[in-house]
Every structure is written in structure tokens, then in C-alpha cells.
Amino acid sequence: MKILMVLTSHDQLGDTGKKTGFWLEEFAAPYYVFKDAGADITLASPKGGQPPLDPGSDTEDAQTPATDRFKKDDDAQKVLANTHVLSTIDASGYDAVFYPGGHGPLWDLSQDADSIKLIETVVASDRPLGAVCHAPAVFQNTKGADGKPLVSGRKVTGFTNTEEEAVGLTDVVPFLVEDMLKANGGHYEKADDWASFVVTDGKLVTGQNPASSEEAAKELLKLV
């Protein structure tokens, strides 16, 4: 079982002068779900190398058993520091693909031609695809075989408008995940803010927020 995880390379939070990137829990929790299931995991990002960590996900109150495990795992840290350049990845070599969130994907992966091609290839071959929290941003510009937006007519979730408002970034982000998914014809669903909530539609798995990371990874595994 080979699983590809795609992370952001973007580290600037709009024009605020603050840093962003990927959210640690959203990487660590799925990583260990896949690893403990015996999967061979490959990490990639648009620029390759060490993806930027959102400093907000490294604070004491954001830690979970998975992030604690990661911080003691030298091997996992080395793997993360050496992600493959996304353009070099052959989609045919993987049984499933998973996108961790963080605000970074709103800027780079939503527009990245290699990511768009990867997603469209994976979906066209009916393989499992997962994205959690802000990572459903990667579906902004993806199309299905019918030429419609990939999420059109599909049940999906992602970071809610009210969750974005709660973190004070509604006017900073280039678009709101909830609004974009709806605009692209997705049947958007959500639970209470910050509660774990995962939606599966065929081979597409989406999670609402950081708390949904582990469950989203487990649901993806069921489809492999």
C-alpha cells in the first residue's frame, strides 16, 4: 500500500507579515494512521524539501498525541525535511493521495498545475483522495471528466466560514473554503465548529478541521 501525502510550500499569511504553512496535527495524525497500517508513505510539496510549518500549530495548546509522537520521531522528521518536488511525482505509483491542511494550500496548491493534474489523474482512475481542513482548497481549479468542477454534485466538507472568522482570518485568506466548495457545486456539509466531521463521497474523503484529521485518514484507508 503506497500513499502520497502532498503538503504546501507557501509560508506567507497574505500581507500580514506573519507566517503560515501546513498544520502539524493535520500532517502528523494521518501520517501515523497510514504508517501504523503498514503503508509506504511518500511526501511531496511544490518546492520540495522542508515544507513550512504554521507556527500556530506548534503552540502548546495545539499539541495532540500524534504531534507529540512526531516530535520524538527522528525518522519522520527527516522524511518531512526532504519532501519530493511535486512535479517529479508519478501519480500512477500510489494507491491513495492525502492533502493535510493549514492555510498555505489556499495560496499555492489551489493554483498549482502539478497538483491539479495529480488530483484529476487520481480521480479519473477511481483511486481514493483525501483532504482535511483548508486542504479542500486544492479543489478550487480541478475538473472532472465532464469538464465541471471536480466537487460538483459531490458531498464535501472543509474549514467553515465561522471557524475562519473565529481565527480572525476571514479578510486575510484569498478565499473561504466553504464558499468556494459551494460555488463549485459541492454539496457542502458541516458539523459544529471544531468538532471532528468527515464526509465520504465515493472515493473522495474530506474533513472539516484539525480535529477531523485522524478520522479522515482512517476513512481513506477503508477505500484503499
Side-chain angles (χ1 to χ4, degrees), residues 1-14 16-119 122 129-138 207 209-210 212-214 216-218 220-221:
M1 178 169 53
K2 294 189 174 183
I3 297 180
L4 175 66
M5 298 181 73
V6 183
L7 295 108
T8 182
S9 292
H10 184 87
D11 69 351
Q12 296 296 316
L13 191 61
T16 63
K18 296 179 180 178
K19 294 290 189 181
T20 189
F22 75 94
W23 198 261
L24 184 56
E25 180 186 4
E26 295 170 32
F27 163 72
Y31 179 84
Y32 288 117
V33 168
F34 300 147
K35 187 174 180 63
D36 292 346
D40 179 1
I41 306 167
T42 298
L43 305 183
S45 61
K47 294 181 181 177
Q50 174 73 55
L53 174 67
D54 188 310
S57 71
D58 205 26
T59 59
E60 190 173 336
D61 62 350
Q63 301 316 297
T64 66
T67 63
D68 292 342
R69 180 177 172 185
F70 173 75
K71 291 184 176 185
K72 299 171 185 173
D73 188 341
D74 290 340
D75 290 339
Q77 290 174 34
K78 288 175 184 174
V79 171
L80 181 65
N82 294 281
T83 66
H84 296 264
V85 176
L86 186 55
S87 62
T88 68
I89 293 292
D90 180 0
S92 66
Y94 299 94
D95 299 302
V97 177
F98 188 88
Y99 283 79
H103 282 87
L106 292 167
W107 280 274
D108 65 349
L109 290 171
S110 65
Q111 312 294 321
D112 187 272
D114 296 307
S115 179
I116 293 168
K117 180 182 176 183
L118 172 73
I119 291 168
V122 168
L129 175 67
V132 68
C133 196
H134 286 89
V138 302
N209 48 34
S212 312
S213 304
E214 186 170 323
K218 289 178 177 177
L220 188 76
L221 273 184

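Residues take their numbers from the sequence shown, with the count starting at 1. Because only heavy atoms are used, hydrogens play no part in the values below, and waters and symmetry mates are left out as well, while side chains stay in.
- Sorted by first then second residue, the salt bridge (charged side-chain N to carboxylate O under 4.0 Å, His left out) pairs that include residues 24-45, not counting sequence neighbours, are Asp36-Arg69.
- Residue Leu24 forms a side-chain contact (heavy atoms from CB on, under 4.5 Å) with just one option from Pro100, Ser57, Pro55, and that option is Ser57.
- The shortest heavy-atom contact between Asp112 and Pro46 is OD2-CB, 3.8 Å.
- The CG atom of Leu53 sits 4.5 Å away from atom CZ of Phe22, with the distance rounded to the nearest 0.5 Å.
- Relative ring orientation between Trp107 and His10 is described as parallel, the plane-to-plane angle staying below 30° on a 0-90° scale split at 30° and 60°.
- Taking every heavy atom of both residues into account, Ala62 and Trp23 meet most closely at CB-CZ2, 4.5 Å.
- Residues forming a side-chain hydrogen bond (donor to acceptor under 3.5 Å, both in side chains) with Thr16 (at least two apart in sequence, or on another chain): none.
- Of all the heavy atoms in Ala91 and Leu118, the pair that sits closest is CB-CD1, 3.4 Å.
- Residues Leu106 and Ser110 come closest through the heavy atom pair O-OG, 2.8 Å.
- Atom-to-atom distance recorded for Tyr31:OH and Leu80:CG is 9.0 Å, nearest 0.5 angstrom.
- Identified under the ring pair (Phe, Tyr, Trp, His ring centres under 6.0 Å) test for residues 45-88, with sequence neighbours left out: Phe27-Phe70.
- Tyr99 is linked by a ring-ring contact (aromatic ring centres under 6.0 Å, His included) to nothing, counting only residues two or more places apart in sequence or in another chain.
- To the nearest 0.5 Å, atom CG of residue Leu221 and atom CD1 of residue Ile3 are 5.0 Å apart.
- Between Ala28 and Ala66 the shortest heavy-atom distance is CB-O, 3.7 Å.
- Checking Asp108 against Thr8 by side-chain atom types alone, a donor-acceptor pair falls below 3.5 Å.
- With sequence neighbours excluded, the residues satisfying side-chain hydrogen bond (donor to acceptor under 3.5 Å, both in side chains) with Asp58 are Lys71.
- The backbone N or O of Lys2 sits less than 3.5 Å from a side-chain atom of Asp95, completing a donor-acceptor pair.
- Asp61 is linked by a side-chain hydrogen bond (donor to acceptor under 3.5 Å, both in side chains) to Thr59, counting only residues two or more places apart in sequence or in another chain.
- Between Leu4 atom CG and Ile41 atom CD1 the span is 10.5 Å, to the nearest 0.5 Å.
- Met5 has its side chain within reach of Pro30: a pair of non-hydrogen atoms, C-beta onward, lies under 4.5 Å apart.
- The backbone N or O of Lys47 lies less than 3.5 Å from a partner atom in the side chain of Ser9, making a donor-acceptor pair.
- The CD atom of Gln50 sits 10.0 Å away from the CG atom of Leu43 when rounded to the nearest 0.5 Å.
- No side-chain donor-acceptor contact under 3.5 Å links Thr20 to the backbone of Gln12.
- Listed here is the closest heavy atom pair of Leu220 and Gly130: CD1-N, 3.7 Å.
- Summarising the geometry, atom CZ belonging to Phe98 is positioned 6.0 Å from atom OG belonging to Ser213; distances are rounded to the nearest 0.5 Å.
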